[in-house]
Amino acid sequence: MDKVSSDCPYPGCFFCVMKEGNPSKRRASILKFFRELPSQDDDGQVLPISGLWNTAMAHPNDPEFIELGIFECMAALIWKGLKNRRWLSHDQNIYIPYYAAHIIGSYTMNMEEFAERAVRAGVIPPLVELLRGRLTWVEQRVAVRALGHLATYASTFAAVASHGEILELSIQLAMSSLEIVYSHFYQYVDRRLSYHCDLLTRGMGGVEMESRKAEEWASQLQCWSLQLINCFAFKPEFLPTICKAEFIVKLPGMWGGLVNENSPAGIGLLRTICHHKHGRGPVATCSGILEALCNIARSSDDWQYMAIDCLQWLLQDPSISHKVMDKAVPALVDLAEISSLGDHKKLGESIINALQECVQSQGTGRNSIAGCTKEEVEELLSSRQRLKWEKNMPKEDLHIKQAAALVVKLEGNSLFSSGNISGAASKYSEALALCPMRSKKERVVLYSNRAQCHLLLQQPLAAISDATRALCLHNPVNRHAKSLWRRAQAYDMLGLAKESLLDAILFINECSQSSDPDLSLRQNKVPDYAERLVKKQMRAAWLFREAAIKHGGVHCEGADGEMCGQESDDSEWETASESDIANDGRDDMGDDFEWKNDFERKDKYDKPPVKDTKRGYNVNVQLTEDEE
């Protein structure tokens, strides 16, 4: 708290009260302050409120102010701002409803007993009015935050749910929040409300910082709306309202952006929905959601495990499994080699069990599993049996199998170098059939090499499948640089900007953290082509992209998916093996791994390079990786 002189001219000054040494007098003075503040019209009221905001942020579990009536005071101040616009526009009072709602949210964030006191103090009705948009999106943001905290606790959820409009308002806000912030703040710099700018930057930044913070706050507004909806989604009676097609189909696209990566956002809500049988039906009938779940499950997203859970629950539900198996099974087969994701252990075993149950429980007619899908599962189960057999095989036999796989792989490398990409892919498949299951490093290389072949053959789905299998086998999971890059390119071919962006960023991280001596000699470890792809996908996955197109901030969209009216990079970007990460058949980041440009080798090819006219880069390139 700011210090004030002992001869402060303001009777009952909050800062003077806080300096009172006598505990009983201090409590009595604070109690009086909270009771009288809402009825006062003096200038400078925002100062003690901002002080309380700082205290609530720093000490959210301190019960002192809770017991003395801070919730009643904050609720009254919000009502005053809503009902008395003359007072609201006077001095700096425009800040007070924001601070008051934020204080309520901070004190109810961790402590259920505080939330109970807040409900008894009547904070919900004024928060609902802010949620309606009675003021601005800035107040909506802190209102939905506070209501989300109150809805988290079993003892206070019913009080929140009794206001039937809260769920509908939250759904509408989740769908429209980005457009609201873009059109009301981001789009026109000269129309930005000054108090919005001050709250966003604390007076410490200019237009650029305001814009960055606006994107962050817009993401929070959407994610906190989803968090509030998620509290309702645990109750089956609210699922019909939540599971309307026009809403749930948008959930996979609500991902928080790079500015709010700690929120599970839309996939978190989908997981809650899929956990209940009444939620799985609407999800299963929406092909767009299924495809998005498969993409997220295969991606390197922090919430990958949530998508995997969704797919397993959908597949294990006998009433809907026939609707999802053709999409869910191939995705889960690709992920079956994964060991764990963070705290989520034995994920691969769980996936295999779900797939095995799916095959065993299949019926005829509409419940039958497609032939090709069944073959994928049976091949996976056969590989698990191979692993058991190999445990009992003599080491000499295993070495023979590994040597045979190596010979076939080298034949594949030779075919690749001569331009016979299809032949190379076949050889890598043959080598995978020979390679011992426990030789994970070698299998990572084979899958990654075959993914590169699929890329060159313009088969992005197959490339994603193989790159995902390589990433699942790799230790650590999802950290094999070349497979990340190849999958990033495949996602780009399919126009999946977010997935491509996440893989490209992880690829750059792997490059920057490499301890390879050749790589460390470079002043800039990040390949230029990767930087260019990241910039491209950041534009395509920009949080405000749809709103900008709708409101004219982006005039049109080109044939290549670029947004006209924004800075773009039209230069070509190479495939990974075209530049730094592939050469002479050397293994990924091994002892002999080198990073050098292979453009001078392109004249070795018998076939002309394949030109991808949509993206503008040559895709007939030098392979790949090898162990030797």
Side-chain angles (χ1 to χ4, degrees), residues 46 49-50 53 78 81-82 85 88-89 92-102 105 127-148 169-228 250 253-261 263 265-266 538-555 563-567:
V46 74
I49 300 299
S50 64
W53 171 80
I78 294 173
L82 291 168
R85 293 304 176 105
L88 188 67
S89 61
Q92 292 182 306
N93 293 340
I94 190 67
Y95 293 87
I96 290 178
Y98 169 86
Y99 281 132
H102 203 296
L127 289 174
V128 171
E129 293 305 307
L130 294 182
L131 186 66
R132 290 182 189 277
R134 286 278 301 276
L135 294 181
T136 72
W137 65 271
V138 165
E139 289 80 16
Q140 281 181 303
R141 171 179 168 271
V142 288
V144 76
R145 170 179 177 262
L147 288 168
L169 289 170
S170 301
I171 290 173
Q172 291 301 318
L173 192 55
M175 291 193 290
S176 62
S177 54
L178 303 183
E179 182 180 347
I180 289 171
V181 178
Y182 180 82
S183 60
H184 292 185
F185 183 86
Y186 192 98
Q187 184 175 16
Y188 300 109
V189 174
D190 57 341
R191 300 183 191 176
R192 294 177 178 178
L193 297 177
S194 60
Y195 90 96
H196 283 183
C197 298
D198 290 341
L199 288 172
L200 282 163
T201 66
R202 301 295 158 195
M204 300 296 291
V207 171
E208 185 177 348
M209 181 178 288
E210 291 169 6
S211 298
R212 287 201 304 269
K213 292 296 292 185
E215 188 171 351
E216 179 183 338
W217 280 28
S219 174
Q220 290 172 347
L221 178 58
Q222 184 177 71
C223 291
W224 290 343
S225 299
L226 293 169
Q227 177 184 331
L228 177 52
K250 295 182 179 180
M254 299 180 187
W255 64 295
L258 297 178
V259 295
N260 196 14
E261 59 185 13
S263 172
M538 286 186 72
R539 289 192 296 272
W542 182 42
L543 207 62
F544 291 135
R545 183 175 184 269
E546 289 186 12
I549 293 172
K550 181 177 180 179
H551 289 273
V554 176
H555 303 301
M563 293 186 293
C564 303
Q566 284 199 350
E567 178 185 358

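Just so it is clear, the values below take in all heavy atoms, side chains as well, and ignore hydrogens, waters and symmetry mates.
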Specify the closest pair of heavy atoms between [X] and [Y], including all atoms of both residues, with the distance to one decimal.
{"X": "S183", "Y": "Y188", "result": "O-CD1, 4.5 Å"}
{"X": "R545", "Y": "A540", "result": "CD-O, 2.8 Å"}
{"X": "L88", "Y": "G81", "result": "CD2-O, 3.5 Å"}
{"X": "L543", "Y": "L178", "result": "O-CD1, 3.4 Å"}
{"X": "Q140", "Y": "L130", "result": "CG-O, 3.1 Å"}
{"X": "E210", "Y": "F185", "result": "O-CE2, 3.9 Å"}

- Message: Looking at S219 and E215, would you say the former's side chain and the latter's main chain have a donor-acceptor pair under 3.5 Å?
- Response: no
- Under 3.5 Å, side chain of S170 to main-chain N/O of S225, donor-acceptor pair present? no
Can you tell me how far apart [atom1] ([X]) and [atom2] ([Y]) are? Round to the nearest 0.5 Å.
{"X": "K213", "Y": "Q220", "atom1": "NZ", "atom2": "CD", "answer": "7.0 Å"}
{"X": "E179", "Y": "M175", "atom1": "CD", "atom2": "CE", "answer": "11.0 Å"}
{"X": "R192", "Y": "H184", "atom1": "CZ", "atom2": "NE2", "answer": "14.0 Å"}
{"X": "C223", "Y": "L228", "atom1": "SG", "atom2": "CG", "answer": "13.0 Å"}
{"X": "I94", "Y": "R85", "atom1": "CD1", "atom2": "CZ", "answer": "8.0 Å"}
{"X": "N260", "Y": "W224", "atom1": "CG", "atom2": "CH2", "answer": "8.0 Å"}

Contact check, side chains of [X] and [Y], non-hydrogen atoms, under 4.5 Å:
{"X": "E129", "Y": "I78", "answer": "no"}
{"X": "I180", "Y": "L173", "answer": "yes"}
{"X": "S263", "Y": "M254", "answer": "no"}
{"X": "I49", "Y": "Y95", "answer": "no"}
{"X": "Y98", "Y": "R141", "answer": "yes"}
{"X": "L258", "Y": "M538", "answer": "yes"}
{"X": "R145", "Y": "H102", "answer": "yes"}

- Would you call the rings of W53 and Y99 parallel, tilted or perpendicular, where under 30° means parallel and over 60° means perpendicular? tilted
- Message: Restricting to ring pair (Phe, Tyr, Trp, His ring centres under 6.0 Å), what partner residues turn up for Y186, sequence neighbours left out?
- Response: Y182, W542, F544
- Could you go through the side-chain hydrogen bond (donor to acceptor under 3.5 Å, both in side chains) check for E139 and T136 one step at a time? CA-CA 6 Å; E139 289 80 16; T136 72; 2.4 Å; yes
- Message: Please determine whether a side-chain nitrogen of the Lys or Arg among R212 and E216 lies less than 4.0 Å from a carboxylate oxygen of the Asp or Glu.
- Response: no
- Task: Test side chain to side chain contact (heavy atoms under 4.5 Å, CB included) on W217 and L200 and set out the steps.
- Result: CA-CA 8 Å; W217 280 28; L200 282 163; 3.4 Å; yes
